[in-house]
Asks: 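Can you read through this structure? Questions will come right after.
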Protein chains: 2
Amino acid sequence: MVNIKTVATIAGVSPSTVSRVLGGTSYVKQETKEKVLKVIRETGYAPNALAKSLKEGRSNTICLLMPSIQNLIFPIITQGVEDTARKHGFSVILCNTNEDVQVESAYIDKMRQRWVDGFILCEVAKDNTEYVDALHQEQFPFVLVARFNPQDQGQLNIVSVDNYGATYQAVSHLIETGHRQIAIAVGSEQLHFYEERLRGYQAALTDHGMEVNPALILNQGSGDESFYAQTKCLMETHPTVDAIFCTADPKAFVVLRALHDMKIQVPTQVSVMGFDNVPLSALMEPPLSTVSQPLYQMGVLAATNLIKQILHKEKSGTLPPPVHDVMQTEIILRKSTCIR
Amino acid sequence: MVNIKTVATIAGVSPSTVSRVLGGTSYVKQETKEKVLKVIRETGYAPNALAKSLKEGRSNTICLLMPSIQNLIFPIITQGVEDTARKHGFSVILCNTNEDVQVESAYIDKMRQRWVDGFILCEVAKDNTEYVDALHQEQFPFVLVARFNPQDQGQLNIVSVDNYGATYQAVSHLIETGHRQIAIAVGSEQLHFYEERLRGYQAALTDHGMEVNPALILNQGSGDESFYAQTKCLMETHPTVDAIFCTADPKAFVVLRALHDMKIQVPTQVSVMGFDNVPLSALMEPPLSTVSQPLYQMGVLAATNLIKQILHKEKSGTLPPPVHDVMQTEIILRKSTCIR
DNA sequence: TTGAAAGCGCTAACAC
DNA sequence: GTGTTAGCGCTTTCAA
């Protein structure tokens, strides 16, 4: 692999001149420039990014830490992050934590040693972890996307939706369209955003003068199958349930499946509503009504925010004040809900 | 950020000793070792991976280039790659080519400069591209996963399934269960594996004494919507079609949707079969019969193969002979097909 | 068993 | 405008 020195020798100049031609950092005589460029072309020289990063203390690489790439929402966020990063000349290292705090911690440790310029995280744990605190303490650039803890608001850079409000609205819609027995399928209570969605559900019920019946709250056990079983059980014990709000589209897919298998008509007998609006939700039978999150856009914003931090830090040595982007959600009405 | 020199100074030894303690490359007096370790712990020192890579000429990073992370099969492959890489101490950089040859080429160029030790590629183009040839020429470690070109067999490292054979079997199954008018939804003919699947379909038909009717071959136009429209059109012009074989599960989802919307019963009136067996296919209505590919395992094998190459090259300076792993597929019968 | 020194490939003062 | 030089943080001969 040819290096800058070789190019310099062949072109009869010094390495710094080659560097200058490449970086455009200062004026180089047109003639010299062309000579160097020619040699570069002929030798197929390409600068060693490692050496450059070592020298500059920056790698132009960011690390995206996600709980699971198999969860349908993350590829969309990832795409937003990646497109944006590429546009700004950054590469992204993708790390899957598999919803495991240990793995998350180990990855951050590993990536932090000047490897990456910043992180975009979907935190695994509900409670704040020391390593995220440490990142903050050390003024290491990072942004939290989709998942965050309440106490971080105003402290950290966050891109999220208003989970409470969005759910409140969605469940209110269900109530206002005549549903009277609304169940909910909630994801792991370890995750703050699921708690928020549950709160929104409860508040909507209460504010409309309805009772919150704990028997109608389905909690995530181990794996998605449990929602399948729970839905069946729910409908057997509470056949008058007329709507099931699901805190994520994939959960709604499972609920839909269970309802189908029980020969319960959707939406005639029970309405089903999801949360996310992943592309597939429109293909379901019936097409799923859901709360849409601008996932791609959230990825874009997270990356933009992070790069802004990185650049700011490089210039001034400090991080800009934290910003919390709260994105708009929207209720998408398809065929899995109806007016009673 | 504390570096090796600082640690050395505090511990009262030389940087080389610290390096030796860390690398375990040669004997260090127990006492010295403990002293150094203590300082490392106290200072929170962590080696700079960049500097290490620059020195060693290896980054312990591989690059995974995929056409689209939003395509349901890739996250699964990715997971296999990542899990395996992590197990061997490698990180993976994920690059999305968005099915664009330009982007693919640019990424390879960018990543190759000693950044990454090897590539796992899902090629975008049908014809061999110069940059892949160049990789091969230069003995740069890489493996092709899922997508490859016929002329590469025996030349390059490949992990794939027998697309022709798998489709032949699946379509034969359809024929043997009484289907007489079998349509096919084929993906972009720019991709060799879709061609293979089409060939398998044609051969199965021919071998069973049936005619290949071009009107029953649906080709991918722009985007998935086109299959929606094409399916509708097909069923209107050829209402006697009794099965549609889809060359990928997501295409089957669209076909299912179109059939539903036309109030055509699946499988009573027409059977639908997919290819991939992504997890979601079991949740469809009706649950999708499909040809399963061991996607996760393919990721695992690709990563294993690549790492083997990297290690071999480091030891001997040459690449091991190429291997082509052909994985087993399996017909999964669910509820979208039946016996006529 | 340990230290000194060279060098991986690059950039950026600092000279001229 | 261009060259010389030092140094980013690490590993690894080579000596001692």
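Computed from a predicted structure; not experimentally measured. Here is how names work: the chains are called A, B, and so on, in the same order as the sequence lines, proteins then strands, and each is numbered from 1.
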Asks: Between atom CD in Glu34(A) and atom C1' in dG1(D), what is the gap in whole Å?
Replies: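 The distance from CD of Glu34(A) to C1' of dG1(D) comes to 15 Å, rounded to the nearest Å.
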Asks: Out of dC10(C), dT2(C), dG3(C), which nucleotide sits closest to the side chain of Lys55(A)?
Replies: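 Closest nucleotide to the Lys55(A) side chain: dC10(C).
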Asks: Could you please name the option among dC8(C), dC10(D), dA12(C) that lies closest to any side-chain atom of Thr25(A)?
Replies: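 Of dC8(C), dC10(D), dA12(C), dA12(C) is nearest to the side chain of Thr25(A).
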Asks: With nearest nucleotides of DNA chain D determined for Pro15(A) and Tyr27(A) from heavy-atom distances, which residue corresponds to the more 5′ nucleotide?
Replies: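 So the residue in question is Tyr27(A).
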Asks: Is there a side-chain contact between Asn48(A) and the phosphate of dG9(C), meaning an N or O under 4.0 Å from OP1 or OP2?
Replies: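 Checking Asn48(A) against dG9(C): no side-chain N or O falls below 4.0 Å of OP1 or OP2.
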Asks: Taking the nucleotide of DNA chain C with the closest heavy atom to each, which residue, Ala51(B) or Val28(B), is nearer the 5' end?
Replies: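 Nearest-nucleotide comparison on DNA chain C picks Val28(B).
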Asks: How many angstroms lie between OG in Ser53(A) and CG in Leu54(B), if you round to the nearest 0.5 Å?
Replies: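 Those atoms lie 10.0 Å apart.
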Asks: Is there a side-chain contact (heavy atoms from CB on, under 4.5 Å) between Phe90(A) and Thr84(A)? Walk through the geometry before answering.
Replies: CA-CA 8 Å; Phe90(A) 281 77; Thr84(A) 310; over 6 Å; no
Asks: Calculate, to the nearest 0.5 Å, the distance between atoms CZ and OH belonging to Arg112(A) and Tyr131(A) respectively.
Replies: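 Taking CZ in Arg112(A) and OH in Tyr131(A), the distance rounds to 12.0 Å.
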Asks: In whole angstrom, what separates Arg58(A)'s CZ from dC8(D)'s C1'?
Replies: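 The answer, rounded to whole Å, is 15 Å.
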Asks: Quickly work out the Lys35(B) NZ to dT1(C) P distance and round it to whole Å.
Replies: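 The answer, rounded to whole Å, is 14 Å.
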Asks: Any cation-pi pair here, Lys33(A) with Tyr27(A), using under 6.0 Å and within 45°?
Replies: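 No.
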Asks: Which of the following nucleotides, dA6(D), dT11(D), dG3(D), is nearest to the side chain of Val13(A)?
Replies: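 From the listed options, dG3(D) comes nearest.
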Asks: Measure from CG on Leu54(A) to P on dG7(C) and round the result to the nearest Å.
Replies: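 These atoms are roughly 17 Å apart.
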Asks: Within this structure, what is the CD1-to-P distance between Ile40(B) and dC10(D), rounded to whole angstrom?
Replies: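 The answer, rounded to whole Å, is 10 Å.
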Asks: What is the distance, rounded to the nearest whole Å, between atom CG of Leu22(B) and atom P of dT12(D)?
Replies: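 Computing the Leu22(B):CG to dT12(D):P distance gives 12 Å.
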Asks: Quick check: any donor-acceptor pair below 3.5 Å linking the side-chain of Ser19(A) to the base of dA12(C)?
Replies: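 Counting by modelled atom types and ignoring angles, no donor-acceptor contact under 3.5 Å is found here.
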Asks: Which of the following nucleotides, dG9(C), dG3(C), dG3(D), is nearest to the side chain of Thr17(B)?
Replies: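 Nucleotide nearest to Thr17(B)'s side chain: dG3(C).
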Asks: Nearest-Å distance, CG (Leu50(A)) to C1' (dC8(C))?
Replies: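 Distance check: Leu50(A) CG to dC8(C) C1' gives 9 Å.
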Asks: Taking atom types as they are modelled, would you say the side chain of Thr32(A) forms a donor-acceptor pair with the base of dT2(D) within the 3.5 Å cutoff?
Replies: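 Answer is no: no donor-acceptor pair is held.
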Asks: Of the options dC10(C), dG3(D), dC10(D), whose atoms approach the side-chain atoms of Arg20(A) most closely?
Replies: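 For Arg20(A), the side-chain atoms sit closest to dG3(D).
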Asks: Shortest non-hydrogen contact from Val2(B) to Tyr45(B)?
Replies: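 What the structure gives for the nearest pair is O-CD1, 3.2 Å.
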Asks: Glu56(B) has a side chain; which of dC10(C), dA13(C), dT12(D) sits nearest to it?
Replies: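 Of dC10(C), dA13(C), dT12(D), dT12(D) is nearest to the side chain of Glu56(B).
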Asks: Test salt bridge (Lys or Arg N to Asp or Glu O under 4.0 Å) on Glu42(B) and Lys38(B); report intermediate values, then the result.
Replies: CA-CA 6 Å; Glu42(B) 286 170 0; Lys38(B) 182 153 166 283; 3.4 Å; yes
Asks: Starting from P on dC10(D), measure out to NZ on Lys5(B) and report it in whole angstrom.
Replies: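 Those two atoms, NZ and P, are 11 Å apart.
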Asks: OP1 or OP2 of dT11(C) sitting under 4.0 Å from any side-chain N/O of Lys52(A)?
Replies: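 For dT11(C), OP1/OP2 do have a side-chain N/O of Lys52(A) under 4.0 Å.
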Asks: Name the closest nucleotide to the Lys29(B) side chain, picking from dT1(C), dT11(C), dC10(C).
Replies: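 Nucleotide nearest to Lys29(B)'s side chain: dT1(C).
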